[in-house]
Amino acid sequence: GHTWEWIEDLGEDIALEMVYVPSGEFLMGSPNDEPGRYDWESPQHRVTVSQFYMGRYPITQEQWRVVAAFPRVNSDLDPDPSHFKGDKRPVERVSWYDAVEFCERLSRETGRAYRLPTEAEWEYACRAGTTTPYHFGETITKDLASYGRSEEEGTTPVDHYGIANAFGLSDMHGNVYEWCQDHWHGTYEGAPNDGSAWLTEDEKASRVRRGGSWSYGADYCRSA
């Protein structure tokens, strides 16, 4: 594997691979001339991110099932919520609160602090030093990622394409949307530049999800 990796043994011969993401600085958002961009990806702004670990793949259904059997922290978890069944397929149909509960159970069980990434951390991790629309370059194809797929096809198993970015992370583009800590804001005006989560007073405000998914078009899968 990669030089910097942490493997969490969840039991039942199921592991959670965590990849080390070094600290650094990047330009968050998209330039005005990027094809397929949306206004809410503006203004571009420099963000400095501290080091952290991130899951090598989206959480799989077997990983979810094991953690859903750990003792409850704040809420119940459905051990098998996914529509497209498969141990190695990503878990889907989980709310932001479900994802937070998953992290809290994992933290309590392992004694390590697991949490959702902030939106800035997510984009920094996805880009892995690139400034192109996708971490593999200007364009995306169906040989590289899971997007624009039919209901019959659905999601792909997490290691399906055998492709990782420079940090060693896979499936950042497409397959399933990924929850971030932040509340949704219409633009980046006033966004923090230290990699922290951008929250509002309203706990019930919408949360950010990133990366596009199996059913969405390529535009939604871009790093920005």
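Since this is a predicted model, take the numbers as computed values, not measurements.
Each of Val66, Leu16, Ile59 was evaluated against Leu106; a single residue qualifies, Leu16, per the side chain to side chain contact (heavy atoms under 4.5 Å, CB included) test. No option in Val19, Ile7, Val158 other than Val19 meets the side chain to side chain contact (heavy atoms under 4.5 Å, CB included) test with Arg56. Checking each of Val94, Thr156, Thr155 against Val176 for a side chain to side chain contact (heavy atoms under 4.5 Å, CB included) leaves exactly one that passes, namely Thr155.
If you chain together hydrophobic residues whose side chains sit under 4.5 Å apart, Tyr161 and Phe167 never meet in one group. Met172 and Leu144 fall into different hydrophobic clusters, where Ile, Leu, Val, Met, Phe, Trp and Tyr side chains are chained together by heavy-atom contacts under 4.5 Å. Following chains of ILVMFWY side-chain contacts shorter than 4.5 Å, one can reach Met28 starting from Phe52, so the two form part of one hydrophobic cluster. Both Val67 and Tyr114 belong to a single network of hydrophobic side chains, linked directly or stepwise wherever heavy atoms of I, L, V, M, F, W or Y lie under 4.5 Å apart. Met54 and Val47 fall within the same hydrophobic cluster, defined by Ile, Leu, Val, Met, Phe, Trp and Tyr side-chain heavy atoms under 4.5 Å apart, directly or through other members.
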*Can you check ring-ring contact (aromatic ring centres under 6.0 Å, His included) on Phe136 and His173, steps first, answer last?*
CA-CA 10 Å; Phe136 22 63; His173 300 301; 5.2 Å; yes
*Please test Trp40 against Tyr188 for ring-ring contact (aromatic ring centres under 6.0 Å, His included), starting from the C-alpha separation and ending with a verdict.*
CA-CA 7 Å; Trp40 61 70; Tyr188 288 134; over 10 Å; no
_Step-by-step salt bridge (Lys or Arg N to Asp or Glu O under 4.0 Å) determination, Arg65 to Asp87_ = CA-CA 9 Å; Arg65 192 167 58 242; Asp87 277 354; 3.2 Å; yes
*Report the C-alpha separation of Glu119 and Arg207 in whole Å, then their side-chain angles, then the decisive distance to 0.1 Å, and conclude whether the salt bridge (Lys or Arg N to Asp or Glu O under 4.0 Å) test is met.*
CA-CA 10 Å; Glu119 186 183 16; Arg207 301 281 177 166; over 6 Å; no
_Using the rule given for salt bridge (Lys or Arg N to Asp or Glu O under 4.0 Å), can you reason through Asp78 versus Arg93, listing the C-alpha separation, both sets of side-chain angles and the distance that settles it, and then say yes or no?_
CA-CA 10 Å; Asp78 179 345; Arg93 298 207 302 189; over 6 Å; no
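Proximity of Met18 to Glu5: side-chain heavy atoms (C-beta onward) are nowhere separated by under 4.5 Å. Residues Glu121 and Arg115 meet the side-chain proximity criterion, which asks for heavy atoms closer than 4.5 Å. In this structure the side chain of Pro43 reaches within 4.5 angstrom of the side chain of Glu189, judged on heavy atoms. Two residues are said to be in side-chain contact when any heavy atoms from C-beta on lie closer than 4.5 Å; Tyr177 and Tyr220 meet this criterion. Contact of the Leu27 side chain with the His45 side chain is not registered, since no non-hydrogen atoms from C-beta on lie closer than 4.5 Å. Contact annotation: the side chain of Glu203 approaches that of His183 to within less than 4.5 Å [non-hydrogen atoms, C-beta and beyond]. Here the side chains of Pro81 and Val91 are in contact, with some heavy-atom distance below 4.5 Å.
When all heavy atoms of Pro90 and Asn175 are compared, the pair lying nearest together is CG-ND2, 3.7 Å. Among all heavy-atom pairs drawn from Ser42 and Asn32, the shortest one is OG-OD1, 4.4 Å. Between Tyr38 and Asp219 the shortest heavy-atom distance is OH-CB, 4.2 Å. Here the shortest heavy-atom pairing between Ile140 and Ala145 reads CD1-CB, 3.8 Å. Nearest approach of Leu116 to Ala99, heavy atoms of both residues: CD2-CB, 3.9 Å.
Residues passing the side-chain hydrogen bond (donor to acceptor under 3.5 Å, both in side chains) test with Tyr97: none are found, sequence neighbours excluded. Every residue two or more places apart in sequence or in another chain that forms a salt bridge (charged side-chain N to carboxylate O under 4.0 Å, His left out) with Arg222 is listed here: Glu34, Glu41. Judged as a ring-ring contact (aromatic ring centres under 6.0 Å, His included), and not counting sequence neighbours, Trp122 has no contacts.
Side chains of Asp98 and Ser95: a donor on one and an acceptor on the other come within 3.5 Å. The closest side-chain donor-acceptor pair between Thr200 and Asp202, if any, does not fall under 3.5 angstrom.
Side-chain atoms of Thr132 do not come within 3.5 Å of backbone N or O of His135 as any donor-acceptor pair. Although no hydrogens or angles enter the test, the distance criterion places no donor-acceptor pair under 3.5 Å between the side chain of Trp179 and the main chain of Pro117. Checking side-chain atoms of Arg46 against main-chain N and O of Glu25 turns up no donor-acceptor pair under 3.5 Å. The backbone N or O of Trp198 sits less than 3.5 Å from a side-chain atom of Asp182, completing a donor-acceptor pair. Between the Gln61 side chain and the Phe84 main chain, a donor and an acceptor come within less than 3.5 Å of each other. Without hydrogens or angle criteria, Asn165 side chain to Cys126 main chain gives a donor-acceptor distance under 3.5 Å. Judged purely by atom type and a 3.5 angstrom limit, Glu101 uses its side chain to pair as donor or acceptor with the backbone of Val73. Side-chain N or O atoms of Thr60 include none that pairs as donor or acceptor with a backbone N or O of Arg89 at under 3.5 Å.
A salt bridge between Glu104 and Arg108 is absent, with no side-chain N of the basic residue lying under 4.0 Å from a carboxylate O of the acidic one. Ion pair Glu123/Arg127 flagged as a salt bridge, since at least one NZ, NE, NH1 or NH2 atom sits closer than 4.0 Å to an Asp/Glu carboxylate oxygen. For Arg209 and Glu178, the salt-bridge test fails: no basic side-chain N is under 4.0 Å from an acidic carboxylate O.
The CD1 atom of Ile163 sits 9.5 Å away from atom CG of Asp171, with the distance rounded to the nearest 0.5 Å. Atom OH of Tyr57 sits about 5.0 Å away from atom OG of Ser170, to the nearest 0.5 Å. For the atom pair Arg37 CZ and Ser30 OG, the distance stands at 3.5 Å (nearest 0.5 Å). A distance of 12.5 Å separates CG in Asp80 from CG in Leu77, rounded to the nearest 0.5 Å. Within the model, atoms OG of Ser146 and OH of Tyr216 stand 13.5 Å from one another, a figure rounded to the nearest 0.5 Å. The SG atom of Cys221 sits 12.0 Å away from atom CZ of Arg210, with the distance rounded to the nearest 0.5 Å.
Residue pairs meeting the ring-ring contact (aromatic ring centres under 6.0 Å, His included) criterion with at least one member in residues 60-82, sequence neighbours excluded: Trp64-Phe102. Applying the salt bridge (Lys or Arg N to Asp or Glu O under 4.0 Å) definition to pairs two or more places apart or across chains, none involves residues 137-161. For residues 15-35, every residue pair satisfying the ring-ring contact (aromatic ring centres under 6.0 Å, His included) rule, not counting sequence neighbours, is listed here: Trp4-Tyr20, Tyr20-Tyr53, Phe26-Tyr124.
Taking a 6.0 Å sphere around NZ of Lys204, one finds it holds 12 or fewer heavy atoms contributed by other residues, nucleotides or ligands. Around the CG atom of Asp39, the shell of radius 6.0 Å holds no more than 12 heavy atoms that belong to other residues, nucleotides or ligands.
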